[in-house]
Protein chains: 2
Amino acid sequence: MSRGKLPRPTDAELAILRVLWDRGARTVREVHETLQDGGGYTTVLKTMQIMTEKGLVTRDESQRAHVYSARLPRESTQQQLVTDLVDRVFGGSPARLALQALSTKKTSPEELAELRQLLDSLEKESES
Amino acid sequence: MSRGKLPRPTDAELAILRVLWDRGARTVREVHETLQDGGGYTTVLKTMQIMTEKGLVTRDESQRAHVYSARLPRESTQQQLVTDLVDRVFGGSPARLALQALSTKKTSPEELAELRQLLDSLEKESES
DNA sequence: CTGGAACTACGAAAGGCTTCGTTGACACCT
DNA sequence: AGGTGTCAACGAAGCCTTTCGTAGTTCCAG
């Protein structure tokens, strides 16, 4: 069951994954304390147990307080969710999603530059 | 209940909305026939009734076969979902999402040009 | 008028998510 | 040894989503 594709994380699961990504491996108590709105301790615990079953996280049980880690790096999950959204709502066109995303809020000059760079390399590719 | 923010559509609801956006106002039967994998007729009907309660769609009951329309245009819902994803997984940065989206699949030269144009106008704005 | 087709409405079942109370284990302190 | 605090495990409840069977209505053809 550790093989195969991981399910799309739910909202509560995503909140926990964010903590794990931001701070690295953590115990339930630490995650619970970081999440101000994550519900009670046992709620977080239960969710993390389910996430373990699903393979979304792994845990080290060698200590009394089990230490959990995200199984996939943040980028993989972002990729999964983006692909998902593109397929479900943007007719399979990542560019449409990108356009929609950018036309919303303001973006820093640094990010704009980064995007331009990516755009350049993509255009270069398509020329080849 | 028609006021206030609409809930994020579920996957099944999104499939139905796509039909309504693509083809315009439709009866349950028409939606059901368009969706090859949408389950039985009553499944689609039930879902659309729930969507009506939620305000995701409106219906015209003047005919025997009620005619349903998406309440919000496609773009609004795309916007909602993009904002949602940006907040939940991209730390509030639309540009990060855009980068992730573009680095995945290939994008047509036309779309690249469109993106470049948007980028230009965004940079012009930030200069002002 | 009667039967069947096309509909809507209703309700229930199954599964998933979220929440939490309770229990039991373990460790530490006194 | 007894008490306290920390922890995992379990189970159940409540809610939502998805699915579908059934019942009732309306319309039309014969």
Side-chain angles (χ1 to χ4, degrees), chain A residues 1 4-20 25-69 77 80-81 84-85 88-89, chain B residues 1 4-20 25-69 77 80-81 84-85 88-89:
Chain A
M1 64 211 51
K5 285 210 172 149
L6 299 185
R8 173 154 42 116
T10 67
D11 286 359
E13 289 168 348
L14 225 29
I16 289 168
L17 284 176
R18 277 204 307 272
V19 174
L20 263 22
R26 281 291 180 274
T27 64
V28 173
R29 195 176 58 72
E30 290 168 319
V31 170
H32 172 239
E33 280 168 2
T34 303
L35 254 36
Q36 66 280 52
D37 278 349
Y41 171 86
T42 51
T43 300
V44 177
L45 169 64
K46 179 70 157 187
T47 303
M48 290 175 80
Q49 284 170 344
I50 292 175
M51 290 170 80
T52 305
E53 285 167 19
K54 291 184 184 174
L56 287 172
V57 297
T58 56
R59 73 179 159 194
D60 171 1
E61 308 182 359
S62 68
Q63 304 301 319
R64 186 157 111 77
H66 300 176
V67 177
Y68 290 77
S69 312
T77 303
Q80 178 195 356
L81 292 172
D84 214 77
L85 190 60
R88 280 185 301 128
V89 197
Chain B
M1 60 212 52
K5 284 211 174 150
L6 299 185
R8 172 153 43 116
T10 67
D11 286 358
E13 288 168 351
L14 224 30
I16 288 168
L17 285 175
R18 276 205 307 272
V19 173
L20 296 179
R26 281 291 180 274
T27 65
V28 173
R29 195 176 57 73
E30 290 168 318
V31 170
H32 172 240
E33 281 169 3
T34 304
L35 255 36
Q36 65 282 52
D37 278 348
Y41 173 86
T42 51
T43 300
V44 177
L45 169 65
K46 180 69 158 188
T47 303
M48 292 175 80
Q49 285 171 342
I50 292 175
M51 291 170 80
T52 304
E53 284 167 20
K54 291 184 184 174
L56 288 172
V57 296
T58 56
R59 75 178 157 192
D60 172 1
E61 308 182 359
S62 67
Q63 305 300 318
R64 186 157 111 77
H66 300 175
V67 177
Y68 291 77
S69 312
T77 303
Q80 179 197 356
L81 293 172
D84 214 77
L85 190 60
R88 280 186 300 129
V89 196

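Below, chains carry the letters A, B, ... as their sequence lines are ordered, and counting in each starts from 1.
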Subject >> Sequence-aligned protein contact record of nucleotides 3-16 of chain C, with B where the base is within under 4.0 Å of a protein heavy atom and S where only the sugar-phosphate is >> reply: ---BSBB-BB----

**OP:** Rounded to the nearest angstrom, tell me the gap between atom CG in Asp11(A) and atom C1' in dC17(C).
**Re:** 10 Å

Original post:
Tell me: CE of Met48(A) to C1' of dT19(C), nearest whole Å?
Top reply: 16 Å

Subject >> Heavy atoms of other groups near Glu61(B) CD, more than 12 under 6.0 Å >> reply: yes

Original post:
Of the options Thr52(B), Thr47(B), Val31(B), which is the one that meets Val57(B) in a side chain to side chain contact (heavy atoms under 4.5 Å, CB included)?
Top reply: Thr52(B)

Subject >> For atom CE of Met51(B) and atom C1' of dC16(D), their distance in whole Å >> reply: 15 Å

Subject >> From CD (Gln49(A)) to NE2 (His66(A)), nearest 0.5 Å >> reply: 9.0 Å

**OP:** Could you tell me the separation between the CD atom of Glu53(A) and the P atom of dA8(D), rounded to a whole number of Å?
**Re:** 15 Å

Original post:
What's the CG-C1' distance between Asp37(A) and dT18(C), to the nearest Å?
Top reply: 14 Å

**OP:** Measure the distance from CD1 on Ile16(B) to P on dT17(D) and round it to the nearest whole Å.
**Re:** 13 Å

Subject >> Separation of dT25(D) C1' from Gln63(B) CD (nearest whole Å) >> reply: 16 Å

Subject >> Thr43(A) side chain near dT18(C) phosphate (N/O to OP1/OP2, under 4.0 Å) >> reply: no

Original post:
Looking only at heavy atoms, which two atoms of Asp84(B) and Arg8(B) are closest? And how far apart?
Top reply: OD2-NE, 3.3 Å

Subject >> Length of the line joining Leu14(B):CG and dT18(D):C1', which is rounded to integer Å >> reply: 15 Å

**OP:** Side-chain contact test, heavy atoms from C-beta onward, threshold under 4.5 Å: evaluate it for Leu20(B) versus Met51(B) and give yes or no.
**Re:** no

Original post:
To the nearest 0.5 Å, how far apart are CG in Leu56(B) and CD in Glu13(B)?
Top reply: 5.5 Å

